[in-house]
Amino acid sequence: MLVIKKYRNMVALLTVVSTLFLFSCKNTGSDQNILPEYKHVPISTAENFEMTFTDSARVTMHFTAPVLVVDTKEVDDEIEQFKVCPKGFIVERFNNDGVQVGHISADYGKQEEALHRFEARGNVIVSNDKGDTLKTEHLIYLQQEKKIYSDVFVKIIQKDRIITGDRFESDENFENRVLYNSKIQMDIDDNDIQKK
């Protein structure tokens with residue numbers, strides 16, 4: 001088990017996305033049970049959806065999705081709303097100088113408002129301004145529990161090393177992260193070895 005305390009910018013990006021209730025998805029052959037079966041017309045569907053968020057006339061985030069669907073489903077005699085994007089999404093976050101400082105993308109995602117649960121599947125990539133990149137096939141954010149986790153293989157690529165694990169969990173700030181059955185691959189300069 002390896003505990004890593006980094007990636008505040010990556011979780012900030014996930015938190016912003018989750019508060020905006022914008023995640024997306026893609027239905028592939030292996031994802032048969034991920035998307036609901038649409039037996040009726042969804043509440044709304046948008047194609048080539050783009051949304052730009054600003055603060056004091058500065059762009060802070062840009063969200064794009066080829067398709068955004070808002071729909072409802074019945075759970076325990078209650079009607080619950082959810083959002084999906086069947087063809088994936090990209091979210092870019094910018095600093096005050098307009099420089100991109102974060103990115104998240106995936107082939108699939110789903111936001112369930114009643115559960116305060118956000119899920120991304122398929123080629124999930126999260127990066128921050130330090131050049132660190134997290135890659136996995138499944139990432140979940142539980143807003144009320146302030147917990148982010150992946151129950152499948154995770155790879156974290158940093159400047160001088162690659163860390164992998166069978167699964168991953170963290171608080172929403174990525175300050176207390178745990179990778180299970182982790183392995184580290186480090187780049188070591190031959191000159192550094194000879195000096196020692």
Side-chain angles (χ1 to χ4, degrees), residues 1-26 28 30-31 33-35 51 53 60-65 68 80-85 88-95 100-159 161-185:
M1 181 166 66
L2 176 66
V3 178
I4 306 167
K5 298 181 178 181
K6 291 184 180 179
Y7 296 94
R8 290 185 180 130
N9 288 332
M10 289 177 12
V11 78
L13 180 60
L14 286 172
T15 303
V16 170
V17 171
S18 66
T19 19
L20 299 170
F21 301 111
L22 296 173
F23 260 97
S24 60
C25 62
K26 176 181 180 182
T28 64
S30 62
D31 298 325
N33 298 322
I34 292 173
L35 289 174
M51 184 175 281
F53 301 88
T60 58
M61 189 169 58
H62 188 242
F63 174 87
T64 58
L68 175 66
E80 296 181 1
Q81 189 176 78
F82 62 93
K83 294 181 177 76
V84 293
C85 294
F89 72 93
I90 298 172
V91 176
E92 299 164 298
R93 191 168 61 89
F94 302 90
N95 66 15
Q100 184 177 323
V101 293
H103 169 275
I104 180 171
S105 62
D107 293 339
Y108 161 86
K110 183 176 184 179
Q111 179 272 322
E112 297 176 272
E113 291 182 10
L115 299 177
H116 304 281
R117 182 179 189 272
F118 308 92
E119 179 178 12
R121 285 185 185 261
N123 297 314
V124 182
I125 300 172
V126 182
S127 62
N128 66 12
D129 59 342
K130 297 177 183 176
D132 300 330
T133 302
L134 179 139
K135 293 184 176 185
T136 187
E137 290 297 311
H138 190 206
L139 193 66
I140 294 173
Y141 173 50
L142 302 175
Q143 187 178 22
Q144 289 185 327
E145 296 176 31
K146 299 182 177 182
K147 178 180 177 181
I148 296 169
Y149 70 93
S150 178
D151 54 3
V152 297
F153 180 80
V154 172
K155 179 189 286 188
I156 298 172
I157 303 166
Q158 297 177 312
K159 186 175 183 179
R161 64 184 176 175
I162 297 173
I163 306 166
T164 60
D166 292 343
R167 56 192 177 99
F168 158 88
E169 63 183 53
S170 169
D171 63 4
E172 68 178 358
N173 295 319
F174 275 90
E175 291 179 355
N176 297 297
R177 295 185 305 128
V178 179
L179 267 73
Y180 294 89
N181 298 320
S182 61
K183 296 178 183 176
I184 300 176
Q185 175 185 336

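- Taking CD1 of I140 as the start and CD of E169 as the end, the distance is 12.0 Å to the nearest 0.5 Å.
- A salt bridge does not link E119 with K110: every distance from a Lys NZ or Arg NE/NH1/NH2 to an Asp or Glu carboxylate oxygen is 4.0 Å or more.
- The backbone N or O of F53 lies less than 3.5 Å from a partner atom in the side chain of T60, making a donor-acceptor pair.
- A distance-only check finds no donor-acceptor pair linking the side chain of T133 to the backbone of S127 [under 3.5 Å].
- The side chain to side chain contact (heavy atoms under 4.5 Å, CB included) test with V154 is passed by exactly one of I163, L134, L139, T164: L134.
- Taken to the nearest 0.5 Å, the CG atom of N181 stands 11.5 Å off from the CZ atom of F153.
- Residue R121 holds its CZ atom at 10.0 Å from CD of E137, rounded to the nearest 0.5 Å.
- Of the inter-residue distances, the one linking R167 atom CZ with L179 atom CG reads 10.5 Å to the nearest 0.5 angstrom.
- Between H103 and the choices V126, I90, V91, the side chain to side chain contact (heavy atoms under 4.5 Å, CB included) rule is met once, by I90.
- In this structure the side chain of F63 never reaches within 4.5 angstrom of the side chain of M61, judged on heavy atoms.
- Shortest non-hydrogen contact noted between Q111 and F118 is CG-CE2, 2.8 Å.
- Between the CG atom in L115 and the CG atom in L142 there is a gap of 9.0 Å [rounded to 0.5 Å].
- In plain terms, the two heavy atoms of V101 and F94 that are nearest each other are CG2-C, 3.9 Å.
- Rounding to the nearest 0.5 angstrom, the gap separating the NE2 atom in H62 from the CE atom in M51 is 10.0 Å.
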